[in-house]
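Here the structure comes first, spelled out in structure tokens, and everything after it is commentary.
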Amino acid sequence: MFNLSDAKPNLWKEVFESGELLHCFNCGSCISGCPASEAGEPLLIRNLARKVILGLEEELEEDDSPWACVTCSRCEEMCPMDVKPFELALAIRRWQCRIDDTRIPPVLPEFFGRGYTQSVEQKELRKSLGLDALPSLGTVPGLLEKFQAMLREVEIIKNNAYMFGGAA
Amino acid sequence: MRLGLFPGCNMPALRPDVEKAIRVSMAELGVELVDLEGYVCCPAFGTFPSCDEDGYLALSGWNMSIAEEKGVDLLIECGSCYSSLRTGRHHILGSDSTKARVNELLAIAGKKIDGKATPRHITDVMYHDIGCKTIRSSIRKSLEGLHAVVQYPCHTLFPSEIVGFDNPARPHVLRELVEALGAEVDSYSCEYMCCGGAGGFHATSAPQAEAFAKQKFDAIRTETKADLIVVSCITCLMYMDHVQVSLSKNGDTKYAYPVFDYNQLLALCMGFDPRQVASIADVPRDGVWKQMTSLDSAT
């Protein structure tokens with residue numbers, strides 16, 4: 001049972017300021033066919049929509065299920081009310097990252113450091129396949145620095161500079 | 001036709017043989033691929049799109065600005081890269097204030113986006129711009145006599161309003177492209193089901209994700225005569241290949257369906273060397289090219 005007297009009625013504006021969210025009538029079309037609805041902690045998007053609309057801040061903060069999303073966007077196609085359930089899942093992830101830095105995916109500093117989620121150059125393997133060097137970020141002189149200078153201006157990096165080599 | 005090849009991260013890092021297959025097969029079809037120097041991660045949905053919207057759209061704009069400067073659209077195989085860029089473009093161009101903010105960030109790096117470059121999925125280009133007829137006449141070997149099943153990349157279907165070029169409820173583009181190579185494409189009950197390999201599903205819930213994949217593979221096993229699986233997304237490719245190893249190890253049924261990216265299969269049918277265009281896989285694939293029929297000797 002939730003005590004709605006503790007709820008934060010304007011939570012939806014903080015999380016996902018989309019008037020469309022309020023049209024959700026909990027039909028469950030977003031769950032039907034969703035692979036992650038079968039996850040260990042099932043992703044049940046309509047429940048997330050309820051939590052946001054009702055303003056159940058603490059429950060939303062602790063909910064890991066948005067991170068199980070496969071990102072297939074089937075729910076966006078199926079939603080009859082144009083609530084944009086996949087955008088909602090991403091928006092909840094962003095809100096969680098804003099209020100709790102331990103939610104920030106560990107791959108983000110890696111991305112900031114090299115421009116990719118992993119090492120992409122594979123010089124020897126490319127040579128064996130008859131491929132030229134990958135035209136990656138590192139091959140354009142000075143571009144990695146510009147890339148990082150740009151990213152230092154976005155909130156998540158500004159506010160968590162310690163993760164990004166003291167970025168600010 | 002001139003397009004900018006957007007390789008993403010997984011393809012160059014883990015399956016560069018697919019990049020080779022794309023480069024050689026597109027050249028054979030008369031498509032000139034130019035490099036997008038200094039491109040970065042799309043950004044993947046699990047990175048900036050999950051933490052910071054400005055960061056997401058600035059990086060999306062970064063990649064499109066490189067193509068725009070060269071006067072080309074982006075050619076993309078990876079479903080997630082395609083969807084991330086396509087959705088990014090939709091948001092950037094959807095509001096003047098968003099576009100202004102993205103350009104403010106890009107200006108720090110001396111870049112700018114107008115919105116002239118469009119992200120295109122490779123199956124869209126092959127089906128709508130090149131056409132099955134041209135593909136059919138470009139091959140020297142055929143898959144005649146072989147049965148295939150296809151895996152449609154979800155990210156190219158949904159939401160159709162933003163990413164769509166096929167029928168989202170009953171897709172057919174990849175099926176027809178595979179048929180153009182001579183294979184018979186079998187239908188089955190889980191044909192339109194996601195592979196389950198992208199995003200956080202497998203990472204957060206490996207046993208559940210594998211049970212999900214097992215439904216698909218069991219349907220392929222019991223309902224089709226499939227000799228191979230054809231995909232056109234690097235995640236579908238790696239996941240559907242690798243998950244068969246886990247399913248075979250953890251259960252009583254052994255699964256060993258060779259999985260190909262479409263352009264790998266096309267490049268093989270064009271006569272390119274499998275050691276260059278299809279050399280990396282968990283499930284062995286050499287049985288497939290040994291069964292190809294030469295069209296040269298038939299004429």
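Residue numbers begin at 1 in each chain, while the letters A, B, ... track the order of the sequences. The structure presented is a predicted model; accordingly, all values stated were derived computationally and were not measured. Just so you know, these numbers use all the heavy atoms, side chains as well, and skip hydrogens, waters and symmetry mates.
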Whatever's closer than 4.5 Å to a heavy atom in chain A on B:Glu53 counts as both

- salt_bridge(A:Lys51, A:Glu59) N-O dist < 4.0 Å: no

If one checks every heavy atom of B:Thr87 against chain A at 4.5 Å, the contacting part turns out to be side chain

Smallest heavy-atom separation, B:Ser80 atom then B:Cys42 atom, equals O-SG, 4.5 Å

To the nearest 0.5 Å, atom CG of B:Asp54 lies from atom CD1 of A:Ile157 at 11.5 Å

If one checks every heavy atom of B:Pro7 against chain A at 4.5 Å, the contacting part turns out to be side chain

Turns out that what part of A:Leu143 lies under 4.5 Å from chain B's heavy atoms comes down to both

Greatest number of non-hydrogen atom pairs under 4.5 angstrom with chain A, of B:Ala109, B:Ser279, B:Ser84, falls to B:Ala109

So, the part of B:Pro168 with a heavy atom under 4.5 Å from chain A: the answer is side chain

On a heavy-atom basis, the closest approach of B:Ala67 and B:Leu36 is CA-CD2, 3.8 Å

The interface call for B:Ile162 against chain A, heavy-atom contacts under 4.5 Å, is neither

Looking only at B:Asn10, B:Thr156, B:Asp273, most heavy-atom pairs under 4.5 Å shared with chain A are made by B:Asn10

Checklist entry - Are B:Tyr39 and A:Tyr116 close enough that their ring centers fall under 6.0 Å? => result yes

Cut-off 4.5 Å, heavy atoms of chain B, and the answer for A:Leu90 is both

Cut-off 4.5 Å, heavy atoms of chain B, and the answer for A:Glu110 is neither

Between A:Lys13 and A:Lys8, is any pair of side-chain heavy atoms under 4.5 Å apart? no

So, the part of B:Cys51 with a heavy atom under 4.5 Å from chain A: the answer is both

